[in-house]
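What follows is a single structure, written as structure tokens, with notes after it.
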Amino acid sequence: MKPTVGITMGDAAGIGPEIIMKALGHQEVYDQCNPLVIGDAKILERVLPLIGSTLKVNAIQEPTEAKYEFGTVDVIDLNLVPADLEYGKVSAAAGDAAFQFLAKAIDLAKKKQIHSICTAPLNKEALHMGGHLYPGHTEILADLTDTEDFSMMLTTPNLRVIHLTTHMGLIDAIASINPERTYTVVKLAHDTLKKAGFENPRVAVCGINPHAGENGLFGNGEEEEKLQPGIERAQQEGINVVGPLPADTLFFRAGRGDFDIVVACYHDQGHAPIKVMGIEEGVNITVGLKGGIIRTSVDHGTAFDIAGKNIADDKSMLAAIRSAIELAPKDLV
């Protein structure tokens with residue numbers, strides 16, 4: 001059975017509708033999943049002549065009405081966006097709609113009517129103008145699923161990275177790492193890949209300092225204090241995890257296939273290798289959400305400057321859909 005992937009339209013004034021319709025013009029997407037857009041049918045329809053597509057839009061209210069046939073794009077039509085919405089302009093209506101699209105997708109995932117969520121980008125200014133004061137998708141997902149322990153995972157075709165910390169200064173990031181967080185993220189990495197069908201996920205943890213501290217030569221024992229106890233706890237539970245290992249060689253080893261996922265300690269330690277190894281096909285994933293909900297996303301923004309010009313590339317959207325398929329919990333499909 002193919003997983004059903006709920007694809008949220010994001011900010012309608014951005015490139016989200018374009019890249020969704022371009023991506024759903026590929027037969028292989030339908031060969032691997034049942035794509036279900038949550039958004040606005042009329043906005044998707046106005047994209048068709050822009051991109052020269054012959055696709056048809058099937059506006060529905062319930063997933064049971066979907067056809068899941070290549071050539072027809074099924075959309076849960078919330079009908080929230082003005083028909084004359086201007087491309088590339090910040091809009092309260094579009095910001096509110098982007099929130100409502102995601103909220104609907106979360107509701108469908110909770111009901112097991114979709115197996116994973118793939119999000120097109122939203123605009124934070126528009127989101128706030130629409131009355132939803134969140135920093136972005138991740139915080140909305142965490143709030144609406146009542147989740148406290150979650151993490152960001154990034155993937156390219158040859159590398160998966162999950163983070164102990166993300167959007168904070170380096171000094172604050174290192175201070176916030178502790179054995180409990182290390183254990184939690186290692187277990188999130190293991191559990192996510194296990195549910196996705198990996199028999200025995202191979203997890204490797206980066207060191208904080210150069211050469212992972214080199215037995216106290218660098219740093220002040222951060223590896224021994226903040227990382228090692230969490231790693232050992234996970235090992236005692238049977239998780240296949242090693243580390244801390246020097247980050248300067250670990251990503252190369254993971255890229256060649258030695259490990260299934262790398263645990264990075266801070267933002268740039270994990271993001272830089274991902275960008276180098278596949279910026280056009282990078283995917284941002286939220287893991288650890290209650291109910292086993294997996295959310296993948298394109299690794300770019302709304303690109304207001306090129307919206308409505310048929311310039312936007314769908315590579316990242318296709319990669320995000322593939323990741324949503326790959327990581328959909330197999331016990332739900």
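Predicted, not measured: the structure shown is a model, and the values here were computed from it. The figures that follow rest on heavy atoms only: side chains count, while hydrogens, waters and symmetry mates do not. Here, residue 1 is the first one in the sequence, and each next residue gets the next number.
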Can you find a pair of side-chain heavy atoms, one from D74 and one from V37, that are under 4.5 Å apart?
no
Distance (rounded to the nearest 0.5 Å) between H163 NE2 and Q269 CD:
8.0 Å
As an exercise, state the distance from CD1 of I261 to CG of L154, rounded to the nearest 0.5 Å.
9.5 Å
A234 versus V241, closest heavy-atom pair with distance:
CB-CG1, 3.9 Å
Y87 six-ring centre to R46 NZ/CZ under 6.0 Å and within 45° of normal
yes
Joint hydrophobic cluster, V263 plus F252, side-chain heavy atoms closer than 4.5 Å
no
Donor-acceptor side-chain pairing of Y134 and D143 below 3.5 angstrom:
yes
Surrounding CD of E199 (heavy atoms of other residues, nucleotides or ligands, distance under 6.0 Å), is the total greater than 12?
no
Using side-chain heavy atoms (C-beta onward) and a distance below 4.5 Å, is H300 in contact with I15?
yes
With a 4.5 Å cut-off on side-chain heavy atoms, are N284 and R295 touching?
yes
Within the structure provided, determine whether P201 and N240 are in side-chain contact (heavy-atom separation under 4.5 Å).
no
Any ion pair linking D258 and R253 (charged N to carboxylate O, less than 4.0 Å)?
yes
Do I325 and L108 belong to the same hydrophobic cluster, where Ile, Leu, Val, Met, Phe, Trp and Tyr are linked whenever their side-chain heavy atoms lie under 4.5 Å apart, directly or via other members?
yes
Within 6.0 Å of CG in D31, more than 12 heavy atoms from elsewhere
yes
Would you say the side chain of L122 lies within less than 4.5 Å of the side chain of H137, judging by non-hydrogen atoms?
yes
Indicate yes or no for a side-chain donor-acceptor contact from E225 to the backbone of E222 under 3.5 Å, with no hydrogens or angles considered.
no
Going only through I, L, V, M, F, W and Y residues with side-chain contacts under 4.5 Å, is there a path from I177 to Y183?
no
Using a 4.5 Å cut-off on heavy atoms from C-beta on, say whether the side chain of I294 contacts that of T192.
yes
One should read off an interatomic distance between L102 CG and L127 CG, to the nearest 0.5 angstrom, of 9.5 Å
Cut-off 3.5 Å, side chains only: do N310 and E18 have a donor facing an acceptor?
no
Could you measure the distance from the CG atom of D77 to the CD atom of E45? Nearest 0.5 Å is fine.
8.5 Å
Tell me whether K309 contacts the main-chain N or O of D305 through its side chain, where contact means a donor paired with an acceptor under 3.5 Å.
yes
Taking all non-hydrogen atoms of both residues, which atom of Y266 and which atom of A173 are closest, and how far apart?
CB-CB, 4.2 Å
Classify the side-chain pair S323/T296 by whether it contains a donor and acceptor separated by less than 3.5 Å.
no
Indicate the ring-plane relationship of F70 and Y30, choosing parallel, tilted or perpendicular according to the 30° and 60° boundaries.
perpendicular
Does a side-chain heavy-atom distance below 4.5 Å link I20 with M317?
yes
For V185, which of L164, V287, V203, T165 qualifies under side-chain contact (heavy atoms from CB on, under 4.5 Å)?
L164
Minimum heavy-atom distance between P244 and A212, given as atom pair plus value:
O-CB, 3.8 Å
Measure the shortest side-chain to side-chain distance between M129 and V90 over non-hydrogen atoms and say whether it is less than 4.5 angstrom.
yes
Please report the closest heavy-atom contact between L78 and Q100, naming both atoms and the distance.
CD1-O, 3.7 Å
How about CD1 on I171, more than 12 heavy atoms from neighbouring residues, nucleotides or ligands closer than 6.0 Å, or not?
no
Nearest heavy-atom pair of H267 and T166: which atoms, and what distance?
CB-O, 3.2 Å
Quick one: closest heavy-atom pair of P273 and D268, and the distance?
CD-O, 4.0 Å
If you apply the rule ring-ring contact (aromatic ring centres under 6.0 Å, His included), what do you find for H211 with F218, and how did you get there?
CA-CA 8 Å; H211 303 284; F218 303 109; 5.7 Å; yes
With distance as the sole criterion, is a donor-acceptor pair present between the side chains of E223 and N209 under 3.5 Å?
yes
Kindly indicate, with the supporting measurements, whether the criterion side-chain hydrogen bond (donor to acceptor under 3.5 Å, both in side chains) is fulfilled by N200 and K194.
CA-CA 7 Å; N200 185 29; K194 188 81 172 177; 5.9 Å; no
Within one Ile-Leu-Val-Met-Phe-Trp-Tyr cluster: L50 and L44, side-chain cutoff 4.5 Å
yes
Just to verify, which of H190, R160, R202 counts as forming a side-chain hydrogen bond (donor to acceptor under 3.5 Å, both in side chains) with D260?
R202
Nearest 0.5 Å please: distance from the OG1 atom of T72 over to the CG atom of L55.
8.0 Å
Any link between M9 and F304 through a network of hydrophobic side chains (Ile, Leu, Val, Met, Phe, Trp, Tyr) touching at under 4.5 Å?
no
Salt bridge (Lys or Arg N to Asp or Glu O under 4.0 Å) between K195 and D191, intermediate numbers included
CA-CA 6 Å; K195 289 177 182 177; D191 291 353; 6.0 Å; no
Are more than 12 heavy atoms, taken from residues, nucleotides or ligands other than K187, located less than 6.0 Å from that residue's NZ atom?
no
Please confirm whether the backbone N or O of G25 pairs with a side-chain atom of S53, one donor and one acceptor, at under 3.5 Å?
no
Using only atom types and a distance under 3.5 Å, with no angle test, would you say the side chain of T147 pairs donor to acceptor with the backbone of D149?
no
Are the side chain of S116 and the backbone N or O of A324 linked by a donor-acceptor pair below 3.5 Å?
yes
Is it the case that over 12 heavy atoms from other parts of the model lie below 6.0 angstrom from the NZ atom of K124?
no
Step-by-step salt bridge (Lys or Arg N to Asp or Glu O under 4.0 Å) determination, E148 to K290:
CA-CA 9 Å; E148 293 184 4; K290 285 188 179 178; over 6 Å; no
Whether the side chain of K226 engages the backbone of I174 through a donor-acceptor N/O pair (distance < 3.5 Å, no angle test) should be reported.
yes
